[in-house]
Amino acid sequence: MHHASFTLDPAFSIGAVDPRLFGSFVEHLGRCVYTGVHEPGHPSADEHGLRRDVLELVRELGVTVVRYPGGNFVSGHRWEDGVGPHRRVRLEPAWRSIETNAFGLGEFAAWAREAGVEPMMAVNLGTRGVQEACDLLEYANHPGGTHLSDLRAEHGAAEPYGIRLWCLGNEMDGSWQIGHRPAADYGRLASATARAMRMIDPGLELVVCGSSHHDMPTFGAWEAEVLEAAYDDVDHVSLHAYYREEDEDPASFLASGSAMEAFIEDVVATCDHVRAKLKRPKRINLSFDEWNVWYMRPVEEEARPWEHAPRLLENVYSLTDAVAVGGMLIALLRHADRVKIACQAQLVNVIAPIMTEPGGPAWRQTIFYPFAQAARYGRGEVLRVEPVSPVAETAKYGEAPLLHATAVRDGESGTITVFAVNRALDAPMELTVDVRALNAPGGAPGGLRVLSHEVLADDDRHAENTRENPDRVRPRTLDGAGAATLDGGRLRAVLPPLSWNVIRLGS
Ligand code: AHR
């Protein structure tokens with residue numbers, strides 16, 4: 001048995017959770033859109049061809065904001081092809097696919113309304129520039145009386161879509177990105193685009209592209225140069241990260257959440273360095289708008305025939321992947337003071353928590369569950385958690401603590417949720433939490449008790465949910481040996497080996 005502990009005190013708060021931390025991503029990639037969210041003729045489809053079975057799962061997942069339409073796709077995207085009665089079929093080079101444009105901005109806006117999510121739109125700064133971004137914004141957000149806003153009304157949307165959140169391109173430092181460019185060029189383009197867009201709609205929130213990932217050779221320098229050009233014009237800088245288990249090395253993989261924290265801290269430091277240099281009061285926040293586990297397969301990199309909605313990036317996730325994803329959610333919450341937006345990539349079929357079959361069912365992957373629980377209970381103030389934990393030596397990241405944890409306090413109800421991952425595969429972990437300060441005046445009225453202890457664990461770390469066996473892995477409520485108990489201001493729980501735990505305390 002491992003042993004770990006920490007103390008919770010409402011006086012030590014990291015900050016309020018922005019609900020947009022529980023975002024997702026829909027890209028025109030593989031079957032995310034076509035036969036994912038959109039499948040006219042499917043038994044569950046509504047009159048717009050939106051799959052109702054998928055919408056139900058999206059609502060259950062608790063997604064708050066959805067980034068669209070890409071990703072790499074956006075850097076060759078012509079938004080006009082996907083609106084109105086005449087859709088153009090195009091070659092889509094980013095993912096070597098045939099794009100029918102049957103699903104476009106109007107369908108996405110309708111889907112977002114049904115799903116109850118805020119849309120987050122990306123503009124094409126790969127093959128396009130300021131003018132096209134302004135045209136798209138005018139079409140989407142201007143009330144009427146101009147060519148483009150009247151066109152939207154003609155297309156059936158008299159009311160503007162009112163999209164507040166916009167990304168200025170995608171991964172513009174990546175050699176794979178259509179129209180990628182050096183930092184100084186991109187910084188100038190992002191600044192000019194942001195200024196012009198704000199002339200049309202001053203209330204926008206804008207995200208500038210950071211590096212495509214932490215290991216890019218220009219990481220850090222790219223952020224600094226781009227922000228020096230665009231600091232006054234943007235609100236957030238983007239971060240992207242994908243993790244996977246390599247070489248049968250779960251210890252390194254399970255430390256991904258800690259790697260993600262180090263990445264966030266590096267970007268915060270860079271933003272604040274530019275702030276100091278430019279002597280600005282404003283702070284740039286972080287939009288972690290692509291994160292997940294992703295096992296790249298050779299077929300995705302090879303030349304393939306041009307196909308519509310090919311099966312790409314359809315990763316099937318294991319229990320180990322779900323626990324790693326839990327750690328990533330903990331990492332985001334632990335930095336809620338600066339990470340204001342985060343999008344798990346992606347939502348359906350493509351490295352996704354939800355899977356579908358054309359004409360068939362939709363089901364939850366293992367990674368669905370930690371996301372859904374964090375989105376549901378991770379609302380309020382994040383409390384500072386400094387665990388005392390045994391460590392494991394990892395090949396990739398050196399020493400990493402075996403306990404990864406955070407806690408969120410809902411100010412209204414006084415309910416506290418502890419999210420904790422036991423990264424050890426070999427043994428359970430006894431967790432002790434000193435919660436005496438939570439019982440102090442202003443804490444939970446009438447004293448605290450354990451409301452529930454839910455756990456995601458399995459005897460087989462490779463267990464997966466599939467079409468044939470969609471409920472193989474799901475959370476269960478612990479009650480009995482090992483379940484959380486509270487006595488004398490001390491919470492005690494036994495976290496099973498390789499597990500994601502959600503412990504709720506309230507009155
Ligand atoms: O999410 C899959 C791809 O990963 C996105 O299109 C791109 O932005 C990133 O490299």
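In each ligand, atom 1 is the first atom listed, and ligand 1 is the first ligand listed.
Looking only at distances, no side-chain donor or acceptor of Asp173 sits under 3.5 Å from a matching main-chain atom of Ser211.
Residue contacts with ligand 1 include Trp95, since one or more of its heavy atoms lies under 4.0 Å from the ligand.
The residues Glu107 and Arg87 are annotated as salt-bridged, a charged nitrogen and a carboxylate oxygen being separated by less than 4.0 angstrom.
Of the protein's non-hydrogen atoms, the one nearest atom 4 (O) of ligand 1 is Glu290 OE1, 3.2 Å. For atom 7 (C) of ligand 1, the closest non-hydrogen atom of the protein is Asn72 OD1, 3.2 Å. Looking only at heavy atoms of the protein, atom 10 (O) of ligand 1 is closest to Glu171 OE1, 2.8 Å. At the shortest separation from atom 1 (O) of ligand 1 among protein heavy atoms lies Tyr242 OH, 2.8 Å. Closest to atom 2 (C) of ligand 1, if we only count protein heavy atoms, is Gln346 NE2, 3.5 Å.
Trp294 contributes atom CH2, which lies 14.5 Å from atom CG of Asp321 (distance to the nearest 0.5 angstrom).
Counting heavy atoms closer than 4.0 Å to ligand 1, residue Phe73 contributes nothing at all. With a heavy-atom cut-off of 4.0 Å, Val350 does not touch ligand 1 at all.
Under the 6.0 Å distance and 45° angle rule, Arg67 counts as a cation-pi partner of Phe25.
Side-chain contact between Val293 and Ile367 is absent, with no heavy atoms from C-beta onward closer than 4.5 Å.
Taking a 6.0 Å sphere around NZ of Lys277, one finds it holds 12 or fewer heavy atoms contributed by other residues, nucleotides or ligands.
Below 4.0 Å from some heavy atom of Glu27 lie the following atoms of ligand 1, by number and element: 5 (C), 6 (O).
Between the side chains of Trp79 and Glu132, not a single donor N or O lies within less than 3.5 Å of an accepting N or O.
The distance criterion of under 3.5 Å between nitrogen or oxygen atoms is not met by Trp176 with respect to ligand 1.
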